[in-house]
Amino acid sequence: MKEIIIATKNRGKMKDFEGLFATLNIKVTSLLDLPEEIEDIEETGTTFEENAAIKAEAICEKFGIPVIADDSGLEVDALNGEPGVYSARYAGEQKDDQANLQKVLSRLEGVPDSKRTARFVCVLAVANPGELTIFKRGECEGKIGHKPAGDNGFGYDPIFYPIESDRTMAEMAPAEKNKISHRRKALDQLVNWVREQ
Ligand SMILES: O=c1[nH]c(=O)c2ncn([C@@H]3O[C@H](COP(=O)(O)OP(=O)(O)OP(=O)(O)O)[C@@H](O)[C@H]3O)c2[nH]1
Ligand SMILES: [Mg+2]
């Protein structure tokens, strides 16, 4: 079985990836699974692409092997695209999913359903030693609800209704989220690209 490192410390993302890569017969290892502790990588970019490249290239350089990184987030139209690249730390440095989603809900108070459109974005960067980093992007359109619902997933999943769904992403089974998610779409693009090589 092939193995690939995903430059992430986010357990929610890793759960998604484990499901997504299982069908490809690839074992995924996160930065939390490595024997040595990996220092936090500062995400100084202002785009998903920049931050994904920073993470993938830092770990690729350290180990000299191919690495995938995921930079992702939620863009809410009524908030001019916020929280965007700052999704993980929207309510502060402690990366608190509950506080983050409550902040979105309170900023959207009084905003009618028709204006609660949003999307999840996922950019995957693949860094290979001595090669240019490549990027694949996936987006999942939806709407922000009025209160959290569901216990699955992570982050903003309990307040995000994918388009034409009457359930939030946190109310969906993991396999169901993995059929329609931004992460799934970005990975599909990446798999297609690999097949074309
Ligand atoms: O409900 C959600 N379902 C998702 O599927 C999803 N994907 C991303 N997000 C949000 O966007 C941040 C990523 O920020 P991010 O890419 O910098 O990752 P992170 O800092 O959490 O971990 P790392 O991969 O950098 O180690 C996350 O923390 C979440 O708040 C999601 N929320
Ligand atoms: Mg991060």
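In each ligand, atom 1 is the first atom listed, and ligand 1 is the first ligand listed. Only heavy atoms go into these numbers, but all of them, side chains included; no hydrogens, no water, no symmetry mates.
Residue D157 approaches ligand 1 through these ligand atoms, each under 4.0 Å from one of its heavy atoms: 1 (O), 2 (C), 3 (N), 4 (C). Shown in contact with E43 at under 4.0 Å from a heavy atom are these atoms of ligand 1, numbered in order with element: 17 (O), 20 (O), 25 (O). For ligand 1, the atoms closer than 4.0 angstrom to any heavy atom of H182 are 4 (C), 5 (O), 6 (C), 7 (N). Less than 4.0 angstrom separates some heavy atom of D71 from each of these atoms of ligand 1: 15 (P), 16 (O), 17 (O). For ligand 1, the atoms sitting less than 4.0 Å from at least one non-hydrogen atom of K177 are 3 (N), 4 (C), 5 (O), numbered in the order shown with element in parentheses. Residue D70 has at least one heavy-atom neighbour below 4.0 Å for each of these atoms of ligand 1: 16 (O), 24 (O). Every atom of ligand 1 is numbered from 1 in the order shown, and the set under 4.0 Å from a heavy atom of T8 is 22 (O), 23 (P), 24 (O), 26 (O). Close approach of ligand 1 to K55 is summarised as follows: ligand atoms under 4.0 Å from at least one heavy atom of the residue are 15 (P), 16 (O), 17 (O), 23 (P), 24 (O), 25 (O).
No cation-pi contact links K143 to Y161, judged by a cut-off of 6.0 Å to the six-membered ring centre and 45° from its axis.
The nearest non-hydrogen atom to atom 19 (P) of ligand 1, considering only K95, M169, R89, comes from K95. The nearest non-hydrogen atom to atom 22 (O) of ligand 1, considering only V85, N10, D96, I159, comes from N10. Closest heavy-atom approach to atom 8 (C) of ligand 1 within the set S72, C122, G84: this belongs to S72.
Closest to atom 30 (O) of ligand 1, if we only count protein heavy atoms, is Y156 CE1, 3.2 Å. What sits closest to atom 26 (O) of ligand 1 on the protein, heavy atoms only, is K9 N, 2.8 Å. Closest to atom 16 (O) of ligand 1 among all protein heavy atoms lies K13 NZ, 2.8 Å. Among protein heavy atoms, the minimum distance from atom 6 (C) of ligand 1 is reached at F154 CZ, 3.3 Å. Among all protein heavy atoms, the one lying closest to atom 7 (N) of ligand 1 is R183 NH2, 2.9 Å.
Side chains of F154 and R11 form no contact here, defined as non-hydrogen atoms less than 4.5 Å apart. For the pair M172/N152, no side-chain contact is recorded, criterion being any heavy-atom separation below 4.5 Å from C-beta on. Side-chain contact between T168 and I159: absent, with no pair of heavy atoms (C-beta onward) separated by less than 4.5 Å. Between V191 and L24, the closest side-chain pair of non-hydrogen atoms falls below 4.5 Å. Using a 4.5 Å cut-off on side-chain heavy atoms (C-beta onward), V76 and L74 make contact.
Heavy atoms of G73 come nearer than 4.0 angstrom to ligand 1 in at least one pair.
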For N10 and T8, run side-chain hydrogen bond (donor to acceptor under 3.5 Å, both in side chains): C-alpha distance rounded to whole Å, both residues' side-chain angles, the deciding distance at 0.1 Å, then the answer. CA-CA 5 Å; N10 182 315; T8 182; 5.4 Å; no

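When only interatomic distances are considered, the shortest N/O to N/O separation between L74 and ligand 1 does not fall below 3.5 Å.
Note that CD1 of I163 is 9.5 Å distant from CZ of R119, once rounded to the nearest 0.5 Å. Remark: R167 CZ to E176 CD distance equals 4.0 Å, nearest 0.5 Å.
Salt-bridge annotation for D77 and K115: absent, with no side-chain N of the basic residue lying under 4.0 Å from a carboxylate O of the acidic one.
The Mg ion (ligand 2) has an N, O or S atom of E43 under 2.8 Å away, backbone or side chain.
Although no hydrogens or angles enter the test, the distance criterion places a donor-acceptor pair under 3.5 Å between the side chain of S87 and the main chain of G84. At distances below 3.5 Å, not a single donor-acceptor pair connects side-chain atoms of N100 with backbone N or O atoms of G155.
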